[in-house]
Number of protein chains: 2
Amino acid sequence: MWTLHHFALCPFSRKVRLLLSEKGVAYELETEHPWDRREEFFALNPAGRTPVIRNDERGVTLIDSRAICEYFEETVEKAPMINGTAANRAEIRRLVALFDENFFADVTAPLMGEKMHKRLFLRQPPDSRMLREAMRLADEHLDYIDYLIDNRPWIAGATMSLADLAAAAQVSVADYLGGIDWSGHEQARGWYSVFKSRPSFRPLLSERMGGIHPPSHYAEVDA
Amino acid sequence: MWTLHHFALCPFSRKVRLLLSEKGVAYELETEHPWDRREEFFALNPAGRTPVIRNDERGVTLIDSRAICEYFEETVEKAPMINGTAANRAEIRRLVALFDENFFADVTAPLMGEKMHKRLFLRQPPDSRMLREAMRLADEHLDYIDYLIDNRPWIAGATMSLADLAAAAQVSVADYLGGIDWSGHEQARGWYSVFKSRPSFRPLLSERMGGIHPPSHYAEVDA
(Lines give C-alpha, C1' and ligand atoms only; values in the text may rest on other atoms or scores of the structure.)
Protein backbone atom coordinates (compact mmCIF):
# COMPACT_ATOMS: atom_id res chain seq x y z
CA MET A 1 0.00 0.00 0.00
CA TRP A 2 1.14 3.53 -0.76
CA THR A 3 1.28 6.14 2.01
CA LEU A 4 1.14 9.80 1.03
CA HIS A 5 2.62 12.36 3.42
CA HIS A 6 0.60 15.54 2.90
CA PHE A 7 -1.43 18.26 4.58
CA ALA A 8 -4.97 19.26 3.64
CA LEU A 9 -4.07 22.54 1.93
CA CYS A 10 -0.85 21.44 0.19
CA PRO A 11 -1.63 22.08 -3.51
CA PHE A 12 1.13 19.74 -4.70
CA SER A 13 -0.23 16.88 -2.57
CA ARG A 14 -3.68 17.63 -4.01
CA LYS A 15 -2.34 17.26 -7.56
CA VAL A 16 -0.86 13.86 -6.65
CA ARG A 17 -4.10 12.77 -4.94
CA LEU A 18 -6.15 13.67 -8.01
CA LEU A 19 -3.78 11.67 -10.21
CA LEU A 20 -3.81 8.63 -7.92
CA SER A 21 -7.61 8.64 -7.76
CA GLU A 22 -8.03 9.06 -11.52
CA LYS A 23 -5.63 6.15 -12.02
CA GLY A 24 -7.31 4.01 -9.36
CA VAL A 25 -4.20 3.70 -7.17
CA ALA A 26 -5.12 3.04 -3.52
CA TYR A 27 -3.26 5.04 -0.88
CA GLU A 28 -3.36 6.01 2.77
CA LEU A 29 -2.83 9.53 4.03
CA GLU A 30 -0.44 10.65 6.72
CA THR A 31 -0.61 14.29 7.77
CA GLU A 32 2.69 16.12 7.80
CA HIS A 33 3.08 19.82 8.53
CA PRO A 34 6.48 20.66 6.98
CA TRP A 35 6.73 23.81 9.14
CA ASP A 36 7.04 21.54 12.22
CA ARG A 37 10.41 20.46 10.73
CA ARG A 38 10.10 16.94 12.17
CA GLU A 39 13.44 15.17 12.08
CA GLU A 40 11.91 11.91 10.81
CA PHE A 41 10.34 13.75 7.90
CA PHE A 42 13.63 15.45 6.96
CA ALA A 43 15.29 12.04 7.05
CA LEU A 44 12.69 10.90 4.48
CA ASN A 45 12.99 14.04 2.33
CA PRO A 46 16.03 16.30 2.81
CA ALA A 47 14.10 19.07 1.03
CA GLY A 48 11.54 18.96 3.86
CA ARG A 49 8.51 19.34 1.60
CA THR A 50 5.25 17.56 0.98
CA PRO A 51 4.25 15.47 -0.90
CA VAL A 52 6.31 12.36 -0.25
CA ILE A 53 4.86 8.97 -1.12
CA ARG A 54 6.27 5.65 0.00
CA ASN A 55 5.55 1.97 -0.41
CA ASP A 56 7.46 0.04 2.23
CA GLU A 57 6.67 -3.39 0.75
CA ARG A 58 8.31 -2.32 -2.51
CA GLY A 59 11.04 -0.32 -0.78
CA VAL A 60 10.19 2.78 -2.84
CA THR A 61 10.06 6.38 -1.59
CA LEU A 62 9.19 9.07 -4.12
CA ILE A 63 9.75 12.80 -3.64
CA ASP A 64 8.68 15.90 -5.59
CA SER A 65 5.16 16.13 -6.98
CA ARG A 66 6.18 16.15 -10.63
CA ALA A 67 8.55 13.20 -10.19
CA ILE A 68 5.73 11.34 -8.40
CA CYS A 69 3.24 12.07 -11.19
CA GLU A 70 5.69 10.98 -13.90
CA TYR A 71 6.33 7.74 -11.95
CA PHE A 72 2.65 6.79 -11.81
CA GLU A 73 2.18 7.88 -15.42
CA GLU A 74 4.98 5.46 -16.39
CA THR A 75 3.85 2.56 -14.21
CA VAL A 76 0.01 2.72 -14.32
CA GLU A 77 -1.59 2.55 -17.75
CA LYS A 78 -5.09 3.59 -16.70
CA ALA A 79 -6.15 7.20 -17.35
CA PRO A 80 -3.04 8.50 -19.13
CA MET A 81 -2.44 12.10 -18.08
CA ILE A 82 0.75 12.99 -20.05
CA ASN A 83 -0.40 11.76 -23.41
CA GLY A 84 -0.08 12.39 -27.14
CA THR A 85 2.86 13.42 -29.33
CA ALA A 86 6.10 14.72 -27.84
CA ALA A 87 4.85 18.27 -28.59
CA ASN A 88 1.50 17.56 -26.85
CA ARG A 89 3.36 16.21 -23.85
CA ALA A 90 5.60 19.29 -23.77
CA GLU A 91 2.49 21.49 -23.79
CA ILE A 92 1.03 19.53 -20.85
CA ARG A 93 4.30 19.87 -18.92
CA ARG A 94 4.56 23.60 -19.75
CA LEU A 95 1.14 24.18 -18.22
CA VAL A 96 1.86 22.00 -15.18
CA ALA A 97 4.93 24.20 -14.57
CA LEU A 98 2.86 27.36 -15.09
CA PHE A 99 0.43 26.35 -12.32
CA ASP A 100 3.00 24.68 -10.03
CA GLU A 101 5.39 27.62 -10.25
CA ASN A 102 3.72 30.84 -11.40
CA PHE A 103 0.19 30.40 -10.04
CA PHE A 104 1.67 29.03 -6.81
CA ALA A 105 4.16 31.91 -6.37
CA ASP A 106 1.66 34.61 -7.41
CA VAL A 107 -1.47 33.35 -5.68
CA THR A 108 -1.42 30.16 -3.59
CA ALA A 109 1.78 30.79 -1.62
CA PRO A 110 0.90 34.35 -0.53
CA LEU A 111 -2.65 33.25 0.40
CA MET A 112 -1.26 30.34 2.43
CA GLY A 113 1.20 32.71 4.11
CA GLU A 114 -1.38 35.38 4.96
CA LYS A 115 -4.47 33.30 5.72
CA MET A 116 -3.06 29.98 6.93
CA HIS A 117 0.41 30.48 8.36
CA LYS A 118 -0.24 33.83 10.02
CA ARG A 119 -3.54 32.66 11.47
CA LEU A 120 -2.47 29.25 12.76
CA PHE A 121 1.11 29.90 13.83
CA LEU A 122 1.88 33.56 14.13
CA ARG A 123 -1.56 34.57 15.45
CA GLN A 124 -1.37 37.68 13.29
CA PRO A 125 -3.98 39.24 11.03
CA PRO A 126 -3.32 38.94 7.28
CA ASP A 127 -1.74 41.87 5.42
CA SER A 128 -4.59 43.22 3.30
CA ARG A 129 -2.23 44.70 0.69
CA MET A 130 -0.69 41.25 0.12
CA LEU A 131 -4.16 39.68 -0.14
CA ARG A 132 -5.33 42.25 -2.69
CA GLU A 133 -2.23 41.66 -4.82
CA ALA A 134 -2.68 37.85 -4.69
CA MET A 135 -6.33 38.25 -5.74
CA ARG A 136 -5.39 40.61 -8.57
CA LEU A 137 -2.89 38.05 -9.87
CA ALA A 138 -5.46 35.25 -9.41
CA ASP A 139 -7.74 37.25 -11.69
CA GLU A 140 -5.01 37.40 -14.36
CA HIS A 141 -4.45 33.64 -14.11
CA LEU A 142 -8.22 33.02 -14.40
CA ASP A 143 -8.20 35.20 -17.53
CA TYR A 144 -5.60 32.84 -18.96
CA ILE A 145 -7.70 29.78 -18.04
CA ASP A 146 -10.69 31.49 -19.74
CA TYR A 147 -8.55 31.97 -22.86
CA LEU A 148 -7.36 28.34 -22.86
CA ILE A 149 -10.87 26.95 -22.35
CA ASP A 150 -12.14 29.21 -25.15
CA ASN A 151 -9.76 27.41 -27.47
CA ARG A 152 -9.71 23.83 -26.19
CA PRO A 153 -12.02 21.60 -24.12
CA TRP A 154 -9.36 21.04 -21.47
CA ILE A 155 -6.42 23.11 -20.21
CA ALA A 156 -3.76 21.50 -22.41
CA GLY A 157 -5.84 20.21 -25.34
CA ALA A 158 -8.50 17.73 -26.40
CA THR A 159 -8.40 15.49 -23.32
CA MET A 160 -8.04 15.85 -19.58
CA SER A 161 -4.37 15.86 -18.57
CA LEU A 162 -2.01 16.47 -15.69
CA ALA A 163 -2.28 20.19 -16.55
CA ASP A 164 -5.95 20.13 -15.48
CA LEU A 165 -5.06 18.36 -12.24
CA ALA A 166 -2.25 20.84 -11.49
CA ALA A 167 -4.50 23.82 -12.22
CA ALA A 168 -7.45 22.44 -10.22
CA ALA A 169 -5.17 21.67 -7.26
CA GLN A 170 -3.84 25.25 -7.10
CA VAL A 171 -7.23 26.85 -7.78
CA SER A 172 -8.91 24.72 -5.11
CA VAL A 173 -6.51 25.81 -2.37
CA ALA A 174 -6.80 29.46 -3.42
CA ASP A 175 -10.60 29.09 -3.44
CA TYR A 176 -10.58 27.50 0.03
CA LEU A 177 -8.64 30.52 1.29
CA GLY A 178 -11.13 32.96 -0.23
CA GLY A 179 -8.72 34.19 -2.92
CA ILE A 180 -10.85 33.48 -5.99
CA ASP A 181 -13.50 35.86 -7.31
CA TRP A 182 -15.27 33.82 -9.98
CA SER A 183 -17.32 36.69 -11.40
CA GLY A 184 -16.50 37.37 -15.04
CA HIS A 185 -14.75 34.02 -15.51
CA GLU A 186 -17.46 31.85 -17.01
CA GLN A 187 -15.12 29.55 -18.94
CA ALA A 188 -12.83 28.96 -15.96
CA ARG A 189 -15.82 28.47 -13.68
CA GLY A 190 -17.39 25.98 -16.08
CA TRP A 191 -14.15 24.01 -16.38
CA TYR A 192 -13.69 23.99 -12.59
CA SER A 193 -17.27 22.94 -11.81
CA VAL A 194 -16.90 19.87 -14.08
CA PHE A 195 -13.86 19.03 -12.01
CA LYS A 196 -15.54 19.51 -8.67
CA SER A 197 -18.10 16.82 -9.52
CA ARG A 198 -15.49 14.16 -10.27
CA PRO A 199 -15.17 11.31 -7.73
CA SER A 200 -11.43 12.05 -7.51
CA PHE A 201 -12.14 15.57 -6.30
CA ARG A 202 -14.99 15.01 -3.81
CA PRO A 203 -12.82 13.76 -0.88
CA LEU A 204 -10.54 16.81 -1.15
CA LEU A 205 -13.46 19.22 -1.05
CA SER A 206 -14.89 17.67 2.10
CA GLU A 207 -11.65 17.98 4.09
CA ARG A 208 -11.00 20.91 6.38
CA MET A 209 -7.82 22.45 7.72
CA GLY A 210 -8.46 22.96 11.46
CA GLY A 211 -9.19 26.57 12.34
CA ILE A 212 -9.68 27.79 8.76
CA HIS A 213 -13.12 27.82 7.15
CA PRO A 214 -13.62 27.98 3.40
CA PRO A 215 -16.27 30.24 1.82
CA SER A 216 -19.73 28.68 1.45
CA HIS A 217 -19.40 28.11 -2.33
CA TYR A 218 -16.13 26.17 -1.92
CA ALA A 219 -17.47 22.59 -1.87
CA GLU A 220 -20.69 23.18 -3.85
CA VAL A 221 -20.58 21.61 -7.28
CA ASP A 222 -22.83 24.14 -8.94
CA ALA A 223 -21.32 27.22 -7.34
CA MET B 1 17.23 24.63 -36.77
CA TRP B 2 16.39 25.21 -33.11
CA THR B 3 16.70 28.69 -31.60
CA LEU B 4 17.13 28.96 -27.83
CA HIS B 5 16.07 32.20 -26.14
CA HIS B 6 18.35 32.57 -23.13
CA PHE B 7 20.74 34.84 -21.27
CA ALA B 8 24.30 33.97 -20.27
CA LEU B 9 23.61 33.53 -16.53
CA CYS B 10 20.18 31.84 -16.76
CA PRO B 11 20.76 28.52 -14.95
CA PHE B 12 17.71 26.89 -16.56
CA SER B 13 18.93 27.80 -20.05
CA ARG B 14 22.33 26.38 -19.09
CA LYS B 15 20.73 23.05 -18.15
CA VAL B 16 18.99 22.91 -21.56
CA ARG B 17 22.22 23.84 -23.38
CA LEU B 18 24.14 21.07 -21.62
CA LEU B 19 21.43 18.57 -22.59
CA LEU B 20 21.33 19.70 -26.23
CA SER B 21 25.12 19.48 -26.53
CA GLU B 22 25.31 16.06 -24.88
CA LYS B 23 22.61 14.87 -27.28
CA GLY B 24 24.26 16.48 -30.32
CA VAL B 25 21.29 18.72 -31.14
CA ALA B 26 22.39 21.85 -33.05
CA TYR B 27 20.90 25.17 -31.96
CA GLU B 28 21.34 28.91 -32.29
CA LEU B 29 21.25 31.31 -29.38
CA GLU B 30 19.17 34.43 -29.08
CA THR B 31 19.76 36.60 -26.03
CA GLU B 32 16.66 37.55 -24.09
CA HIS B 33 16.68 39.52 -20.85
CA PRO B 34 13.30 38.66 -19.30
CA TRP B 35 13.47 41.77 -17.07
CA ASP B 36 13.18 43.93 -20.23
CA ARG B 37 9.63 42.50 -20.51
CA ARG B 38 9.69 42.64 -24.33
CA GLU B 39 6.20 42.31 -25.72
CA GLU B 40 7.31 39.89 -28.46
CA PHE B 41 8.83 37.59 -25.84
CA PHE B 42 5.68 37.60 -23.71
CA ALA B 43 3.71 36.72 -26.84
CA LEU B 44 6.00 33.69 -27.20
CA ASN B 45 5.87 32.75 -23.49
CA PRO B 46 3.11 34.23 -21.32
CA ALA B 47 5.16 33.31 -18.24
CA GLY B 48 7.88 35.69 -19.49
CA ARG B 49 10.77 33.38 -18.58
CA THR B 50 13.80 31.90 -20.27
CA PRO B 51 14.46 29.34 -21.65
CA VAL B 52 12.16 29.12 -24.66
CA ILE B 53 13.22 27.03 -27.64
CA ARG B 54 11.58 27.12 -31.04
CA ASN B 55 11.89 25.44 -34.39
CA ASP B 56 10.00 27.46 -36.97
CA GLU B 57 10.33 24.86 -39.76
CA ARG B 58 8.59 22.32 -37.54
CA GLY B 59 6.20 24.87 -36.04
CA VAL B 60 7.22 23.90 -32.51
CA THR B 61 7.77 26.24 -29.54
CA LEU B 62 8.73 24.67 -26.21
CA ILE B 63 8.57 26.42 -22.85
CA ASP B 64 9.80 25.51 -19.35
CA SER B 65 13.22 23.95 -18.90
CA ARG B 66 11.94 20.63 -17.57
CA ALA B 67 9.34 20.29 -20.33
CA ILE B 68 12.08 21.08 -22.88
CA CYS B 69 14.44 18.47 -21.41
CA GLU B 70 11.70 15.79 -21.35
CA TYR B 71 10.91 16.61 -25.01
CA PHE B 72 14.48 16.07 -26.20
CA GLU B 73 14.81 13.00 -23.99
CA GLU B 74 11.73 11.55 -25.74
CA THR B 75 12.71 12.55 -29.28
CA VAL B 76 16.53 12.10 -29.36
CA GLU B 77 17.85 8.68 -28.45
CA LYS B 78 21.50 9.66 -28.08
CA ALA B 79 22.87 10.16 -24.55
CA PRO B 80 19.78 9.22 -22.50
CA MET B 81 19.60 11.46 -19.43
CA ILE B 82 16.40 10.21 -17.72
CA ASN B 83 17.20 6.54 -17.82
CA GLY B 84 16.69 3.28 -15.94
CA THR B 85 13.73 1.86 -14.04
CA ALA B 86 10.73 3.99 -13.09
CA ALA B 87 12.25 4.35 -9.59
CA ASN B 88 15.63 5.43 -11.07
CA ARG B 89 13.84 7.97 -13.24
CA ALA B 90 11.93 9.28 -10.22
CA GLU B 91 15.24 9.69 -8.36
CA ILE B 92 16.69 11.66 -11.29
CA ARG B 93 13.61 13.91 -11.40
CA ARG B 94 13.66 14.39 -7.60
CA LEU B 95 17.21 15.68 -7.80
CA VAL B 96 16.49 17.87 -10.84
CA ALA B 97 13.70 19.47 -8.77
CA LEU B 98 16.02 19.83 -5.76
CA PHE B 99 18.52 21.86 -7.82
CA ASP B 100 15.96 23.70 -9.98
CA GLU B 101 13.86 24.72 -6.98
CA ASN B 102 15.75 24.53 -3.67
CA PHE B 103 19.31 25.32 -4.81
CA PHE B 104 17.93 28.05 -7.08
CA ALA B 105 15.77 29.65 -4.37
CA ASP B 106 18.43 29.33 -1.65
CA VAL B 107 21.55 30.24 -3.62
CA THR B 108 21.33 31.14 -7.32
CA ALA B 109 18.34 33.51 -7.19
CA PRO B 110 19.64 35.64 -4.26
CA LEU B 111 23.11 35.80 -5.86
CA MET B 112 21.58 36.87 -9.19
CA GLY B 113 19.50 39.46 -7.36
CA GLU B 114 22.37 40.90 -5.33
CA LYS B 115 25.30 40.62 -7.76
CA MET B 116 23.65 40.79 -11.18
CA HIS B 117 20.35 42.62 -10.96
CA LYS B 118 21.44 45.25 -8.41
CA ARG B 119 24.70 45.90 -10.23
CA LEU B 120 23.40 46.06 -13.78
CA PHE B 121 19.98 47.64 -13.30
CA LEU B 122 19.59 49.23 -9.90
CA ARG B 123 23.21 50.46 -9.65
CA GLN B 124 23.17 49.47 -6.00
CA PRO B 125 25.75 47.62 -3.94
CA PRO B 126 24.82 44.08 -2.89
CA ASP B 127 23.42 43.44 0.58
CA SER B 128 26.23 41.64 2.38
CA ARG B 129 23.86 39.91 4.81
CA MET B 130 21.95 38.38 1.87
CA LEU B 131 25.22 37.27 0.24
CA ARG B 132 26.45 35.61 3.42
CA GLU B 133 23.16 33.73 3.82
CA ALA B 134 23.24 32.53 0.16
CA MET B 135 26.83 31.32 0.64
CA ARG B 136 25.94 29.57 3.88
CA LEU B 137 23.12 27.73 2.10
CA ALA B 138 25.42 26.98 -0.87
CA ASP B 139 27.73 25.30 1.62
CA GLU B 140 24.85 23.09 2.86
CA HIS B 141 23.96 22.13 -0.71
CA LEU B 142 27.61 21.29 -1.45
CA ASP B 143 27.61 19.08 1.66
CA TYR B 144 24.69 17.21 0.11
CA ILE B 145 26.55 16.84 -3.22
CA ASP B 146 29.57 15.53 -1.24
CA TYR B 147 27.28 12.99 0.41
CA LEU B 148 25.75 11.89 -2.92
CA ILE B 149 29.15 11.55 -4.63
CA ASP B 150 30.43 9.56 -1.65
CA ASN B 151 27.72 7.00 -2.37
CA ARG B 152 27.41 7.02 -6.17
CA PRO B 153 29.63 7.99 -9.12
CA TRP B 154 27.09 10.56 -10.38
CA ILE B 155 24.48 12.72 -8.66
CA ALA B 156 21.53 10.37 -9.24
CA GLY B 157 23.26 7.01 -9.60
CA ALA B 158 25.59 4.94 -11.75
CA THR B 159 25.49 7.08 -14.88
CA MET B 160 25.42 10.76 -15.80
CA SER B 161 21.86 12.06 -15.87
CA LEU B 162 19.76 15.19 -16.11
CA ALA B 163 20.33 15.60 -12.35
CA ASP B 164 24.04 16.21 -13.02
CA LEU B 165 23.22 18.75 -15.72
CA ALA B 166 20.70 20.55 -13.46
CA ALA B 167 23.20 20.63 -10.57
CA ALA B 168 26.11 21.78 -12.73
CA ALA B 169 23.97 24.51 -14.31
CA GLN B 170 23.02 25.99 -10.91
CA VAL B 171 26.49 25.55 -9.40
CA SER B 172 28.14 27.19 -12.43
CA VAL B 173 26.02 30.35 -12.18
CA ALA B 174 26.60 30.54 -8.41
CA ASP B 175 30.34 30.02 -9.00
CA TYR B 176 30.41 32.77 -11.67
CA LEU B 177 28.87 35.14 -9.13
CA GLY B 178 31.47 34.28 -6.48
CA GLY B 179 29.02 32.39 -4.27
CA ILE B 180 30.85 29.07 -4.04
CA ASP B 181 33.63 28.37 -1.56
CA TRP B 182 35.01 25.01 -2.68
CA SER B 183 37.22 24.42 0.36
CA GLY B 184 36.24 21.32 2.29
CA HIS B 185 34.14 19.96 -0.59
CA GLU B 186 36.53 17.56 -2.30
CA GLN B 187 33.83 15.21 -3.63
CA ALA B 188 31.70 18.03 -5.05
CA ARG B 189 34.78 19.73 -6.47
CA GLY B 190 35.93 16.49 -8.11
CA TRP B 191 32.50 15.88 -9.64
CA TYR B 192 32.31 19.47 -10.91
CA SER B 193 35.82 19.51 -12.40
CA VAL B 194 35.00 16.40 -14.47
CA PHE B 195 32.04 18.35 -15.76
CA LYS B 196 33.99 21.47 -16.56
CA SER B 197 36.22 19.54 -18.96
CA ARG B 198 33.30 18.21 -21.02
CA PRO B 199 32.89 19.67 -24.53
CA SER B 200 29.26 20.49 -23.66
CA PHE B 201 30.38 22.74 -20.82
CA ARG B 202 33.32 24.60 -22.38
CA PRO B 203 31.26 27.13 -24.41
CA LEU B 204 29.26 28.12 -21.29
CA LEU B 205 32.41 28.72 -19.26
CA SER B 206 33.89 31.03 -21.89
CA GLU B 207 30.84 33.32 -22.05
CA ARG B 208 30.64 36.50 -20.04
CA MET B 209 27.72 38.58 -18.83
CA GLY B 210 28.67 42.20 -19.65
CA GLY B 211 29.79 44.15 -16.61
CA ILE B 212 30.15 41.14 -14.29
CA HIS B 213 33.46 39.32 -13.96
CA PRO B 214 33.71 35.79 -12.57
CA PRO B 215 36.45 34.80 -10.08
CA SER B 216 39.71 33.60 -11.68
CA HIS B 217 39.07 29.91 -10.90
CA TYR B 218 35.67 29.96 -12.64
CA ALA B 219 36.67 28.70 -16.11
CA GLU B 220 39.77 26.74 -15.09
CA VAL B 221 39.30 23.00 -15.40
CA ASP B 222 41.68 22.10 -12.62
CA ALA B 223 40.59 24.76 -10.16
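Reminder, nothing fancy here: chain letters follow the sequence lines and each chain counts from 1. Heavy-atom basis, side chains included; hydrogens, waters and symmetry copies ignored. Only a predicted model underlies this, so the values are computations on that prediction, with no experimental measurement involved.
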Got more than 12 heavy atoms from elsewhere within 6.0 Å of [atom1], [X]?
X: E40(B); atom1: CD; result: yes
X: Q124(B); atom1: CD; result: yes
X: E77(A); atom1: CD; result: no
X: F121(A); atom1: CZ; result: yes

message: Please give me the minimum heavy-atom distance between A87(A) and Y71(B), naming the atom from each residue.
response: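 What the structure gives for the nearest pair is N-CE1, 3.8 Å.
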task: Over all heavy atoms of both residues, which pair between A67(B) and R94(A) is shortest? Give the atoms and the distance, please.
output: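 Shortest heavy-atom contact: CB-N, 3.9 Å.
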field: Basic-acidic side-chain contact under 4.0 Å: R89(A), E70(B)
entry: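 Answer for the salt bridge query: no.
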- request: Would you mind checking if R93(A) and E73(B) are paired as a salt bridge, meaning a charged N to carboxylate O distance below 4.0 Å?
  value: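 The answer is no: the pair does not qualify as a salt bridge.
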task: Using non-hydrogen atoms and a 4.5 Å limit, figure out which bit of R49(B) sits close to chain A: side chain, backbone, both or neither.
output: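 Only the side chain of R49(B) comes within 4.5 Å of chain A.
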query: Which answer fits I63(B), side chain, backbone, both or neither, if we ask what part of it has an atom under 4.5 Å from a heavy atom of chain A?
result: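 Both parts, backbone and side chain.
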Minimum side-chain heavy-atom gap D64(A)-E101(B) below 4.5 Å: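 Yes, close enough: below the 4.5 Å cut-off.
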